[in-house]
Every structure is written in C-alpha cells, then in structure tokens.
Amino acid sequence: MSINKVGVIGAGQMGNGIAHVLALAGYDVILNDIDRGALDDALTLIESNLARQVSREKITSDQAEQALNRITTTLKLSDLGKTDLVIEAATEKEAVKAAIFEDLVPHLEPHTILTSNTSSISITRLASRTDRPEKFMGFHFMNPVPVMQLVELIRGIATDEATYQALKDVVDRLGKTSATAEDFPAFIVNRILMPMINEAVYTLYEGVGSVASIDSAMKLGTNHPMGPFELADFIGLDTCLAIMNVLHDGLADTKYRPCPLLTKYVEAGWLGRKTDRGFYDYREDPPVPTR
Ligand code: CAA
C-alpha cells in the first residue's frame, strides 16, 4: 500500500505539527480546517518552526522550502477525497470527530486509510462510525510533534494487518518510533501521564506544595523536562480533564477521579498557555504561578 498524499483535518496545535513532519518527510499534505484564519496561522507557525530547525542546522533551507511547498490548505473536506491517508486531528470531542467522519467518508477512495490522532477516545467506537473499520486506526502524535520521537499506533478491533503495516512504515519514514497500544482508555502515554498530572493537582489542592515547588521537585527530582503544571498548561487543562474523564468513565475506578481543582481551572476558562492563563499566568514574563 503506497502512501503519497495525506490529508490532515484540524490546523491546531497537533494538526500543524503533523502537517510539518509529513511535508518534511516528502509527503504531499492537504491541511483542512473550518476556519481560514486557523489555516493561515498554521502555515505561519509551520514556516517559523521550519526556520527554527534551519537555524539549529537540523535541516537545510532547501528542505524547509520544499516542505512548505508540499502543503496546501482547504476549507472543504471533499478536497481530501484523493488522499491515501487521512489523519483527523480536530478537537478532542467524540461528537465532533464522528460528524467529521460522516461528512468525509462519502468523498474517500476505497483504498484510503482513515486515522484519528485522538489522545483517549475508543478507536473501535470511532471506526464503527465509518464505512471502513478495517482501514481505521489510532495514530497518536505527541506535542510538540516536530520534536517528540514517539507515535502511538492503536488498532481497533477490526483493523487489518495491511493498515497497521502501512502506518508503521509512515512512522519509520518520519524518522520517529512507534509504540503499539491496545484500544483501552487513553492507550499508554496518557494512561500513565494524566494520572500523574492529576495527582500533582491533588498535591497542590491538599496544600502539600505550591505550583512552583511541585514543578521544581519533579523537574529536578525526576529529570522531567517540564514540571507537571508546566506540562499541563502546555497540553491544555481542558484536554487533561477530558482525558481524566475518559479514564474515570471507561475504567470505572475512583483512582482516576479528576481533582476538583482541575475542574475549577477549566470552568474558569484558565486552560493553560492557549488562553494565557492556567497554573501559570503567561501575561507576565516570566510566567507567574497562580497558586
Ligand atoms: N518545532 C520545531 N522544533 C521545535 C519546536 C517546534 N514546535 N519546539 C521546540 N523545538 C526544538 C527547538 O528548536 C530545540 O531544538 P534543538 O534541541 O535542536 O536545539 C528543541 O526543540 C528544544 O527546544 P527549546 O530549547 O526551545 O526548549 P526546551 O529545551 O525547553 O524544550 C520541549 C522544549 C521540547 C517542549 C521540552 O520542554 C519537552 O520535551 N517538554 C515535554 C514535552 C512532552 O512531554 N510532550 C508530550 C506531551 S503529552 C502528549 O502530547 C500526548 C497527549 O495526547 C496529551
């Protein structure tokens, strides 16, 4: 199964990173979003992230230019009809993803592989909303996509071997490493990472430490590049809460109970870096802890 042209749905944090690495690896990419402004912003960000890689001598300016030329954008899902692979990286809401698949599927060629970059939603359930569960998989990139080595590959119950192999080959061509996970809530990375972040919020909630002391303890005490609050703000607190809810609902174990303080931050609209405020206030430089 030869993959040359790839459609990416969603030009946000994950979608633009995925388009970036695919184009750099020589794939023709068509990036789709419902918002023209989001597409323009994504292209600007990809250009500056490519320039950053040129300045650090990771790639040449020719490679950066060619990568940018391989990316086209569209507001129409139907323009993704002629692709060999589609990666859905829209917002982490099951109803949104299901509606996208419903609109997209009638336009697709029979051979097109369909994937979701979901960080926690059941692949088997998403696949069942399409006409091709055997050609459907979870294809989970980590943020920031151009830097992180890992891609999780998640087979649904019906996924066939050819689809799995084709995606494994794409990961190899990207120069990244795959880890295969079974289709259970939050797969591997988020099954382990989110309870750690949630526990950090409980540690704060119970007054064991402040945002700064907990982050510094975990950074210096366990050699994590970011403390749990820095990382939660980077991922987005709404995403962290959504994943905790998937774990809590899907595994029905109280150990996954989202911390009420995490819920409160999300209710306040303090979602992390993307809203300029989360566990840190990013309107100040350097950012100031909010507790
Ligand atoms: N595009 C291209 N390159 C980028 C980049 C981007 N968006 N962001 C950073 N870089 C590059 C920099 O150019 C730099 O390259 P060199 O090593 O060649 O110099 C390198 O990454 C490090 O960047 P910085 O020096 O600017 O910053 P840093 O040293 O503080 O590292 C970081 C930043 C890579 C984000 C690091 O803090 C880190 O690894 N943090 C943890 C990230 C993490 O855990 N991600 C997973 C989140 S979980 C997830 O994504 C799953 C989910 O479903 C929620």
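As the structure is a prediction and not an experimental result, all values here were calculated from the model. Order of appearance sets the numbers: ligands from 1, and atoms from 1 within every ligand. Along the sequence shown, residues are numbered consecutively beginning with 1.
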Using a distance threshold of 4.0 Å (strictly less than), state whether [atom] has a protein heavy-atom neighbour.
{"atom": "atom 7 (N) of ligand 1", "value": "yes"}
{"atom": "atom 29 (O) of ligand 1", "value": "no"}
{"atom": "atom 39 (O) of ligand 1", "value": "yes"}
{"atom": "atom 24 (P) of ligand 1", "value": "no"}
{"atom": "atom 46 (C) of ligand 1", "value": "yes"}
{"atom": "atom 32 (C) of ligand 1", "value": "no"}

Output the list of atoms in ligand 1 that are nearer than 4.0 Å to some heavy atom of [X], sorted by atom number.
{"X": "Met226", "value": "35 (C), 37 (O), 40 (N), 41 (C)"}
{"X": "Val147", "value": "3 (N), 4 (C), 5 (C), 8 (N), 9 (C), 10 (N), 11 (C), 21 (O), 34 (C)"}
{"X": "Met142", "value": "49 (C), 50 (O), 51 (C)"}
{"X": "Asn143", "value": "42 (C), 43 (C), 45 (N), 46 (C), 47 (C), 50 (O)"}
{"X": "His140", "value": "51 (C), 52 (C), 53 (O)"}

Verify the distance criterion only: is there a donor paired with an acceptor across the side chains of [X] and [Y] at less than 3.5 Å?
{"X": "His20", "Y": "Glu47", "result": "no"}
{"X": "Ser216", "Y": "Ser213", "result": "no"}
{"X": "Tyr205", "Y": "Arg291", "result": "no"}
{"X": "Thr74", "Y": "Asn32", "result": "no"}
{"X": "Glu134", "Y": "Thr163", "result": "no"}
{"X": "Ser116", "Y": "Glu88", "result": "yes"}

Worksheet item: Under 30°, 30 to 60°, or over 60°: which ring-plane class applies to Phe136 and Phe101, parallel, tilted or perpendicular?
Response: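 Rings of Phe136 and Phe101: perpendicular, over 60°.
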
Return the closest protein heavy atom for [atom] as residue, atom name and distance.
{"atom": "atom 48 (S) of ligand 1", "result": "Leu193 CD2, 3.6 Å"}
{"atom": "atom 18 (O) of ligand 1", "result": "Lys58 CE, 2.6 Å"}
{"atom": "atom 22 (C) of ligand 1", "result": "Arg56 NH1, 5.0 Å"}
{"atom": "atom 54 (C) of ligand 1", "result": "Ile235 CG2, 3.6 Å"}
{"atom": "atom 36 (C) of ligand 1", "result": "Pro225 CB, 4.1 Å"}
{"atom": "atom 2 (C) of ligand 1", "result": "Pro146 CB, 3.5 Å"}
{"atom": "atom 13 (O) of ligand 1", "result": "Arg52 CD, 2.9 Å"}

Worksheet item: If you measure from each non-hydrogen atom of Met148 to ligand 1, which part falls under 4.0 Å: side chain, backbone, both or neither?
Response: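 It is the side chain that gets close, since no backbone atom is under 4.0 Å.
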
Worksheet item: Does Val145 approach ligand 1 within less than 4.0 angstrom via side chain, backbone, both or neither, non-hydrogen atoms only?
Response: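 It is neither part, as no heavy atom is under 4.0 Å.
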
Please determine whether any non-hydrogen atom of [X] lies less than 4.0 Å from an atom of ligand 1.
{"X": "Thr239", "result": "no"}
{"X": "Leu231", "result": "yes"}
{"X": "Met14", "result": "no"}

Are any of the side-chain nitrogens in [X] or [Y] under 4.0 Å away from the carboxylate oxygens of its partner?
{"X": "Asp172", "Y": "Lys168", "value": "no"}
{"X": "Arg155", "Y": "Glu161", "value": "yes"}
{"X": "Asp233", "Y": "Lys274", "value": "no"}

Worksheet item: Within the structure, does Gln53 bring an N/O atom to less than 3.5 angstrom of an N/O atom in ligand 1?
Response: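 Between Gln53 and ligand 1, no N or O pair is found under 3.5 Å apart.
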
Worksheet item: Should His20 be counted as touching ligand 1, given the test is an N or O pair under 3.5 Å?
Response: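 N/O-N/O distance under 3.5 Å: no.
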
Fill in: Straight-line distance of Ser119 OG to Ile243 CD1, nearest 0.5 Å
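Ser119 OG to Ile243 CD1: 3.5 Å, rounded to 0.5 Å.
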
Worksheet item: Would you say the side chain of Leu241 lies within less than 4.5 Å of the side chain of Thr263, judging by non-hydrogen atoms?
Response: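 Yes. Closest side-chain heavy atoms under 4.5 Å.
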
Discussion item. Among Thr239, Asn117, Thr118, exactly one meets side-chain hydrogen bond (donor to acceptor under 3.5 Å, both in side chains) together with Glu92. Which residue is that?
Written reply: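 Between Glu92 and the candidates, side-chain hydrogen bond (donor to acceptor under 3.5 Å, both in side chains) is satisfied uniquely by Thr118.
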
Fill in: Test side-chain hydrogen bond (donor to acceptor under 3.5 Å, both in side chains) applied to Thr290 and Tyr265, Tyr280, Trp270, the passing residue
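For Thr290, the side-chain hydrogen bond (donor to acceptor under 3.5 Å, both in side chains) test succeeds with only one of Tyr265, Tyr280, Trp270, which is Tyr265.
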
Worksheet item: Considering residues, nucleotides and ligands other than Glu65, do more than 12 of their heavy atoms fall under 6.0 Å from its CD?
Response: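 Incorrect, the count does not exceed 12.
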
